[in-house]
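Down below is the structure, laid out as C-alpha cells.
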Amino acid sequence: MTGRLHVVSKTEKLFLDDAVFAAERAKGKKLSGPEKKEVLRVAREQLLGQREAEAAKQARAEERQAAEFAWSKPKPFRR
C-alpha cells in the first residue's frame, strides 16, 4: 500500500523532509516534480515498513507478556 499517509508524526515528517534534502544534496540542485515525488514515494514505503515492523514487535511483546504473566495471591508477611 503506497500513497498518502494520513497521519504523520513529527519525526516521520522530519524523515520525509530529510529524504528530499538528501536527494537534492546528492543531485546538487533542486529536484524536479517527478523526482521529488519518487523520493517521497520511497520514503513513504520505508515509513510504512517501519510501522509494520513496530506493530509486529508490539504484538510479540504482548504475546510474551500474556504467556509469562500468571497471577497468584501475594503471600502475607510473617515474622
Side-chain angles (χ1 to χ4, degrees):
M1 177 185 133
T2 60
R4 207 116 179 86
L5 295 174
H6 296 287
V7 178
V8 181
S9 69
K10 189 172 185 178
T11 55
E12 290 174 339
K13 174 69 173 130
L14 288 174
F15 177 78
L16 292 171
D17 291 343
D18 289 344
V20 171
F21 178 74
E24 287 176 347
R25 183 180 232 180
K27 185 176 179 185
K29 59 182 180 178
K30 289 278 190 186
L31 297 176
S32 66
E35 292 171 334
K36 187 173 182 180
K37 285 180 182 178
E38 180 63 21
V39 168
L40 288 173
R41 184 188 64 77
V42 171
R44 281 194 300 269
E45 287 178 359
Q46 290 176 340
L47 286 178
L48 288 171
Q50 182 65 29
R51 286 181 179 184
E52 290 173 4
E54 287 294 324
K57 184 178 177 183
Q58 183 67 27
R60 285 193 305 271
E62 288 174 3
E63 287 176 12
R64 186 170 50 252
Q65 171 69 16
E68 292 174 357
F69 181 76
W71 187 86
S72 61
K73 185 175 180 180
K75 297 195 184 335
F77 176 74
R78 293 186 60 157
R79 290 185 185 243

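Because only heavy atoms are used, hydrogens play no part in the values below, and waters and symmetry mates are left out as well, while side chains stay in.
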Here the gap from Asp17 atom CG to Lys13 atom NZ, rounded to the nearest 0.5 Å, amounts to 3.5 Å

Would you check if Glu38 and Val42 make a side-chain contact, meaning some heavy-atom pair closer than 4.5 Å? yes

Of Lys29, Glu24, Arg25, the one forming a side chain to side chain contact (heavy atoms under 4.5 Å, CB included) with Lys27 is Lys29

In this structure, would Leu40 and Val8 fall into the same cluster of hydrophobic residues linked by side-chain contacts under 4.5 Å? yes

Scanning both residues in full, the closest heavy-atom pair of Lys36 with Val20 reads CE-CG1, 4.1 Å

Shortest non-hydrogen pair, Leu31 vs Ala23, comes out as CD1-CB, 3.8 Å

*asked:* Checking Glu54 against Gln58 for the side-chain hydrogen bond (donor to acceptor under 3.5 Å, both in side chains) test, could you report, in this order, the C-alpha distance in whole Å, the side-chain angles of both residues, the deciding distance, and whether it holds?
replied: CA-CA 6 Å; Glu54 287 294 324; Gln58 183 67 27; over 6 Å; no

Pairing of Arg60 and Glu63 as salt bridge, 4.0 angstrom limit:
no

When rounded to the nearest 0.5 Å, the distance separating CD of Gln50 from CZ of Phe15 is 8.5 Å

CZ of Arg44 to NZ of Lys37, rounded to nearest 0.5 Å, is 10.0 Å

